[in-house]
2 protein chains.
Amino acid sequence: MNIGEIARRAGVSRSTVSYALSGKRPVADTTRRRIQQVIDELDYRPNATARALAEGRTRTIGLVIPPAGNRLTHMQLEFVASVVDAASRADLDVLLSPSGGDHDRSFERLVSERRIDGVILMEIRLEDARAVRLQQARVPFVGIGRTARDRDMCWIDIDYAGLIHHSVCHLADLGHHRVALVNRSPELIAAGYGPAHRARQGFLNAVRERGLDGVEVPCEDDARSGQECIERLLRSHPGLTAVATVNEAALPGVQRALADAGLKVPRDFSVIGVAARLWAEDFRPPLTAADVPAQDMGAQAVSLLLERIAAPGTPPRQILLAPPISLRSSTAAVPAGRLARADGRAAGDRG
Amino acid sequence: MNIGEIARRAGVSRSTVSYALSGKRPVADTTRRRIQQVIDELDYRPNATARALAEGRTRTIGLVIPPAGNRLTHMQLEFVASVVDAASRADLDVLLSPSGGDHDRSFERLVSERRIDGVILMEIRLEDARAVRLQQARVPFVGIGRTARDRDMCWIDIDYAGLIHHSVCHLADLGHHRVALVNRSPELIAAGYGPAHRARQGFLNAVRERGLDGVEVPCEDDARSGQECIERLLRSHPGLTAVATVNEAALPGVQRALADAGLKVPRDFSVIGVAARLWAEDFRPPLTAADVPAQDMGAQAVSLLLERIAAPGTPPRQILLAPPISLRSSTAAVPAGRLARADGRAAGDRG
DNA sequence: TTGTAGGCGTTATCAT
DNA sequence: ATGATAACGCCTACAA
């Protein structure tokens, strides 16, 4: 069933059917009704491929996700879901491309075969070959996350540096002195994953500014690693009274390790972080944390991309989100006994 | 940049370029090399849309996922990832459509605008309007899960009924008598979600066959609900010594509730279930469970779909998986004290 | 071995 | 207000 058949049965030309459908030029009421009737009868829908070829756009956007090998985190999952949802509301389809490395067939197809009008790029690295490729191919794109040269591109990101800085200052205000940052995985850090690096930066800055005794440790994105990580920290850093983290998947393990060590949160130990609300509220006691608004971010990424597609020439717009830190129940003043000891050591630490 | 431009620069006709690219008819070596050189020089790739229009197929499959509102479970996430990965290996692109209800725009676009060669349908209901729609539109499709009229369609599914039956029998063999099934959410059950209904069926059968005292409770897909669910069960069903579950997301809560109640697994209480290995191994102690091979399922769904696309006429093929139950450490013989009491009651129970 | 030309189903520019 | 007709970029049957 195609537009020609509809035209024939309605006794008009194909262009009239096309215009009746698009409304881009007036069509007599009687004609329109006749056409509509035939369309309803045959349940006709224009072929999207043909339309894309003629219009020069596909009404489809690409969403580049990390490959399945690395299991997706909950946060990433929420991005995907919210992007797909937002796109769907804008009558856009979403083509998924799992690609992390540089030379990925599905990514290449996406950018070079003109299957899509624009791309949303997840899991961006500080140096990101895919961003470069998209730029040179002049494909409009938006990053969820940003590269080191972030002025050149359009992105939406969380201010991990600022949030971790703020979190650590909060801990310092509460009297904590020996604090740790539980970061993302060594692989991500090695790969130059932005959030991990920026979290580290914010942590180091706060530690320096407040004269703290701080240690940063990498941690895989799962509960078991979180547990091992805290166990190691407690052994290697006696007197540790608080951790900040950007690794939400590690949280259940953090909780278990502290419980196993007989440390009660927040009485004996404080925990603070950046995490999707689900994880924060599931922590016991509820986690004081900056809630990552993954839902919004997906939607905003889509509208950013739509802007970009509509006006590719304009200077790229960027959105840096710093969600407020929700004070829940996982942070408290450092326990008195420990405070003394920590203070005793502080003098000799870190110049 | 298009095929005509390549042809012009290489001094051949467009068809020669096309054939050189597809290999569907022999091209002289010198000619082929000349063409390839131009292609490399200009970094040309054929336009996918034009190709799709000419060939009558899009090299794209649709993946219908539950809408973002209902947060995706880990298992669903793994399906998505594995489908996308498998498709990518077959040089297929994947178009995502979030749609649960009946009248969904993005789903309608998928099936009626011929954007895709076939569809993989997730989260199938026993009565599923989308399956019906795909059937009438003659779009090849494969279900991850199956409808009540499962002979009519092509699907891959887990044998929840069999696995839960087997699990409960295992509990019975260990001497458990008062057992519960922690099922999926009330909404899913009300919507006729297959796995929930089939799990219930398997549970009831085992309970009947073994003369157990069984109770089935629905539970939302998250830790908090799991916790509340077990707390309620322990109150309302004293003497309960074991639960079976198909609700992996509830497991962390199950664990917490048991710990809070002072019940040690498996000494005081047994837990068994169907879950992705990640969840099973993360449980403490490691969960005796049938491991859902989500990875394989995605890959198999894709190859099933490819078969179907290649030969739409053939009778639909179905794959029912019953992964073995891995004996880990969460099940043990019923505690002696309780056994006596449970046996005492058994005589009067359930005819 | 290569070229010519028609077709895939739309949209959109001229005409009328 | 409506109809021809030429793109859009590729594939492929037919011809040479």
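Values below: all heavy atoms of this structure, side chains included; hydrogens, waters and symmetry mates excluded. Here the structure is a predicted model, which means the values were calculated and not measured. Sequence lines set the chain letters: A, B, ... in the order given, protein chains first and strands last, and positions in each chain run from 1.
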Original post:
Counting only N and O atoms by type, is there a donor-acceptor contact under 3.5 Å from the side chain of B/Arg125 to the main-chain atoms of B/Gly192?
Top reply: no
Original post:
Do you know the tightest heavy-atom contact between A/Gly118 and A/Val139?
Top reply: CA-CG1, 4.2 Å
Original post:
Ignoring hydrogens and geometry, is there a side-chain-to-backbone donor-acceptor pair from A/Arg133 to A/Asp128 under 3.5 Å?
Top reply: no
**OP:** Using the heavy-atom set of chain B and a strict 4.0 Å cut-off, write down the first and last nucleotide of DNA chain D that makes it in, 5' to 3'.
**Re:** D/dG9 to D/dC14
Original post:
With no hydrogens and no angle check, is any side-chain donor or acceptor of B/Ser82 less than 3.5 Å from a backbone partner on B/Ala294?
Top reply: yes
Subject >> Flag, side chain of A/Thr58 to backbone of A/Arg115, donor-acceptor distance under 3.5 Å >> reply: yes
Original post:
When you check every protein heavy atom under 4.0 Å of nucleotides 9-16 of chain C, what one-letter string (B, S, -) results, 5' to 3'?
Top reply: BBSBBB--
Original post:
Between A/Asp117 and A/Arg59, is there a donor-acceptor pair closer than 3.5 Å when you use the side chain of the first and the backbone of the second?
Top reply: yes
Subject >> Donor-acceptor under 3.5 Å (B/Gln318 side chain, B/Asp150 main chain) >> reply: yes
Original post:
What is the bend of the helix from C/dT1-D/dA16 to C/dT16-D/dA1 when you compare the axis at one end with the axis at the other, using five pairs each and rounding to 10°?
Top reply: 40°
Original post:
Where do B/Leu110 and B/Gly62 come nearest, in terms of heavy atoms and distance?
Top reply: CD2-CA, 4.1 Å
Subject >> Within 6.0 angstrom of A/Arg149 CZ, more than 12 heavy atoms from elsewhere >> reply: no
Subject >> Atom of B/Ala137, atom of B/Arg114 and distance for their closest heavy-atom approach >> reply: O-NH2, 4.0 Å
